[in-house]
Amino acid sequence: MAIEQNQIGEWIDRLASKAPVPGGGGASAVSGALAAALGQMVANLTVGKKRYADVEEDMVADIAELSRLQAEMLAFVERDAEVFAPLAQAYGMPKETPEQIEVRERVMEERLLDASLVPLAIMEKAIEILEIVDELEIKGSRMAVSDAGVAAQLARAAVGGAVMNVYINTKSMKNREKAEELNEKAARLTRKGFDQADAIYERVQKKCRK
């Protein structure tokens, strides 16, 4: 089925423009949503096949979970845009008097935190997707194993894209203790997500080349 310009193409055109949103955070969430959708495809191609009857219940459960995660990822596309607008406004707040500087710094800190938490959540959801894709690669239809590999790479991109949006915001935070706490969590999630995605990718490569 062809993608119509007034659907995903319209969003991509906005992404390509100089408009501040959508940006990298939203694109990371879309990548996660695509990973979840592709995982559902693998499970759907497995359900109803005699060869995979013993894993059918698992596949049905995976479809439900991935459907939920897909919806959550798409919601993060909008949420990422919502938290960026107030942050952009805060950068323009006056800073001519000590009082204005104090207010500006307080507001900036609040909004930088909000803008950091959204990509962190995207990373967490991407890892949930990877955990299901890991199962799909093992139990799912061999005919769709390459799609499981693509889903893993899309989820990996969601992790790797979102983490940069964490770091760019924590970099400007005055509360360095909080910033480092967020950075450490982001680094842990990155390692976990990359390790799992790369392991899936290696297994898929071997199966595709045999």
Peer 1: What are the two closest heavy atoms between Val42 and Ala144, and how far apart are they?
Peer 2: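 For Val42 versus Ala144, the nearest heavy atoms are CG2-O, 3.7 Å.
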Peer 1: Mark yes or no for whether Glu56, through its side chain, and Tyr52, through its backbone, hold a donor-acceptor pair below 3.5 Å.
Peer 2: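 Not a single qualifying donor-acceptor pair exists.
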Peer 1: Other residues, nucleotides and ligands only: do more than 12 of their heavy atoms fall within 6.0 Å of NZ on Lys49?
Peer 2: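 Atom NZ in Lys49 is packed in, count exceeds 12.
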Peer 1: Scan side-chain atoms only and decide if Gln205 and Tyr201 contain a donor-acceptor pair under the 3.5 Å cut-off.
Peer 2: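 Checked: Gln205/Tyr201 side chains pair up, N/O donor to acceptor below 3.5 Å.
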Peer 1: Taking all heavy atoms of Pro20 and all of Phe84, pick out the closest pair and write down the distance.
Peer 2: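 In this case the closest contact between Pro20 and Phe84 is CB-CE2, 3.5 Å.
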Peer 1: Given 3.5 Å as the limit, does a donor-acceptor pair link the side chain of Ser31 with the main chain of Ala27, or not?
Peer 2: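 Answer holds: no.
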Peer 1: List the atom of Ser116, the atom of Thr170, and the distance in Å for their closest heavy-atom pair.
Peer 2: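 For Ser116 and Thr170, the tightest heavy-atom pair comes out as OG-CG2, 3.7 Å.
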Peer 1: Mark yes or no for whether Ser28, through its side chain, and Ala162, through its backbone, hold a donor-acceptor pair below 3.5 Å.
Peer 2: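 Indeed, once roles are kept as given, a pair shorter than 3.5 Å links the two residues.
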Peer 1: Quick one: does Ile127's side chain get under 4.5 Å of Leu189's, heavy atoms only?
Peer 2: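 Yes, at least one pair of side-chain atoms sits under 4.5 Å.
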Peer 1: Test Ile129 against Leu66 for side-chain contact (heavy atoms from CB on, under 4.5 Å), laying out the working first.
Peer 2: CA-CA 7 Å; Ile129 292 167; Leu66 287 169; 4.1 Å; yes
Peer 1: State, yes or no, whether a side-chain contact exists between Lys185 and Leu120 at a heavy-atom distance under 4.5 Å.
Peer 2: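 The answer is yes, as the side chains (C-beta and beyond) meet within the 4.5 Å cut-off.
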Peer 1: Any carboxylate oxygen within less than 4.0 angstrom of a Lys/Arg side-chain nitrogen, looking at Lys139 and Asp54?
Peer 2: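 Salt bridge absent between Lys139 and Asp54.
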Peer 1: What distance do Leu45 atom CG and Gln40 atom CD have between them, rounded to the nearest 0.5 Å?
Peer 2: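 So the CG of Leu45 and the CD of Gln40 are separated by 12.0 Å.
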Peer 1: CZ of Arg111 to CD of Gln89: how many Å apart, nearest 0.5 Å?
Peer 2: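 Here the rounded value is 6.0 Å.
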Peer 1: Flag the pair Lys125 / Arg68 as yes when at least one side-chain heavy-atom distance between them is below 4.5 Å, and no otherwise.
Peer 2: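 Contact flag for Lys125/Arg68 side chains = yes.
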Peer 1: Got a donor-acceptor contact below 3.5 angstrom from the Ser17 side chain to the Arg14 backbone?
Peer 2: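 It does hold such a pair.
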Peer 1: Kindly work out whether a path of hydrophobic side-chain contacts (I/L/V/M/F/W/Y, heavy atoms less than 4.5 Å apart) joins Val30 to Val133.
Peer 2: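 Result: no, two separate clusters.
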Peer 1: Please answer whether the main-chain N or O of Ala115 pairs with a side-chain N or O of Asn169 as donor and acceptor at a distance below 3.5 Å.
Peer 2: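 Judged by distance alone, yes, a pair lies under 3.5 Å.
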Peer 1: If you take all heavy atoms of Gly39 and Ala151, which pair is closest and at what distance?
Peer 2: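 Smallest heavy-atom distance, with atoms named: N-CB, 4.2 Å.
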Peer 1: Taking atom CZ as the centre, does Arg176 end up with more than 12 heavy-atom neighbours from other residues, nucleotides or ligands that are less than 6.0 angstrom away?
Peer 2: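 Yes, CZ of Arg176 has more than 12 neighbouring heavy atoms, counting only those of other groups under 6.0 Å.
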Peer 1: Show the nearest heavy-atom pair for residues Ala29 and Val77, with the distance to one decimal.
Peer 2: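 That would be CB-CG2, 3.6 Å.
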Peer 1: Measuring from atom CG of Leu69 to atom CD of Glu131, what distance do you get when rounded to the nearest 0.5 angstrom?
Peer 2: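 Leu69 CG to Glu131 CD: 10.0 Å, rounded to 0.5 Å.
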Peer 1: Are Met108 and Leu182 connected, step by step, through hydrophobic side chains (Ile, Leu, Val, Met, Phe, Trp, Tyr) whose heavy atoms are closer than 4.5 Å?
Peer 2: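 Yes; tracing contacts between hydrophobic side chains, which count when under 4.5 Å, links both residues.
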Peer 1: Please report the interatomic distance CD1(Ile168) to CE(Met164), rounded to the nearest 0.5 Å.
Peer 2: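 Here the rounded value is 10.0 Å.
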Peer 1: One pair to check against side-chain contact (heavy atoms from CB on, under 4.5 Å): Glu135 and Asp62. What are the steps and the verdict?
Peer 2: CA-CA 9 Å; Glu135 179 181 61; Asp62 288 344; 2.5 Å; yes
Peer 1: Evaluate side-chain contact (heavy atoms from CB on, under 4.5 Å) for Met59 paired with Leu136, printing each intermediate quantity in order.
Peer 2: CA-CA 8 Å; Met59 295 296 106; Leu136 292 172; 3.6 Å; yes
Peer 1: Answer yes or no: is there a side-chain heavy-atom contact under 4.5 Å between Asp80 and Pro22?
Peer 2: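 Result no, sub-4.5 Å side-chain heavy-atom pair not found.
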Peer 1: Once rounded to the nearest 0.5 Å, what's the spacing between atom CD of Glu124 and atom CD of Glu128?
Peer 2: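 Glu124 atom CD to Glu128 atom CD measures 8.0 Å (nearest 0.5 Å).
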Peer 1: Surrounding NZ of Lys95 (heavy atoms of other residues, nucleotides or ligands, distance under 6.0 Å), is the total greater than 12?
Peer 2: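 No, NZ of Lys95 has 12 or fewer neighbouring heavy atoms, counting only those of other groups under 6.0 Å.
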Peer 1: Could you go through Leu87 and Asp114, starting from their C-alpha distance and side-chain angles, then the distance that decides it, and tell me whether this counts as side-chain contact (heavy atoms from CB on, under 4.5 Å)?
Peer 2: CA-CA 9 Å; Leu87 176 59; Asp114 287 343; over 6 Å; no
Peer 1: Does Thr190 reach the main-chain N or O of Ala186 with its side chain, forming a donor-acceptor pair under 3.5 Å?
Peer 2: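 Side chain of Thr190 to backbone of Ala186, a donor-acceptor pair under 3.5 Å: yes, one is there.
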Peer 1: Just so I know, are the side chains of Asn183 and Glu180 near enough to count as touching, which here means a heavy-atom distance under 4.5 Å?
Peer 2: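 In short, these two side chains touch, coming nearer than 4.5 Å.
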Peer 1: If hydrophobic clusters are built by linking Ile, Leu, Val, Met, Phe, Trp and Tyr wherever their side-chain heavy atoms come under 4.5 Å apart, do Val83 and Ile122 end up in the same one?
Peer 2: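 Linked, Val83 and Ile122 end up in one cluster.
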Peer 1: Within the structure provided, determine whether Asp198 and Arg156 are in side-chain contact (heavy-atom separation under 4.5 Å).
Peer 2: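 Result yes, sub-4.5 Å side-chain heavy-atom pair found.
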Peer 1: Are Leu38 and Val204 connected in the hydrophobic side-chain network, where two residues link if heavy atoms are under 4.5 Å apart?
Peer 2: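 In one cluster: no.
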Peer 1: Which heavy-atom pair separates Ile63 from Ala43 by the least distance, and what is that distance?
Peer 2: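 Looks like CG1-CB, 3.4 Å.
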Peer 1: Is any side-chain heavy atom of Ile138 less than 4.5 Å from a side-chain heavy atom of Arg203?
Peer 2: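 A side-chain contact under 4.5 Å exists here.
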Peer 1: Consider salt bridge (charged side-chain N to carboxylate O under 4.0 Å, His left out). Of Glu102, Glu109, Glu110, which one does Arg106 pass it with?
Peer 2: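 By the salt bridge (charged side-chain N to carboxylate O under 4.0 Å, His left out) criterion, Arg106 pairs with just one of Glu102, Glu109, Glu110: Glu110.
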Peer 1: How long is the gap from CG on Leu113 to NZ on Lys178, to the nearest 0.5 Å?
Peer 2: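 One finds 6.0 Å between CG of Leu113 and NZ of Lys178.
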Peer 1: Check whether Ile200 and Met143 end up in the same hydrophobic cluster, where Ile, Leu, Val, Met, Phe, Trp and Tyr are linked by side-chain heavy atoms less than 4.5 Å apart.
Peer 2: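 Each belongs to a different hydrophobic cluster.
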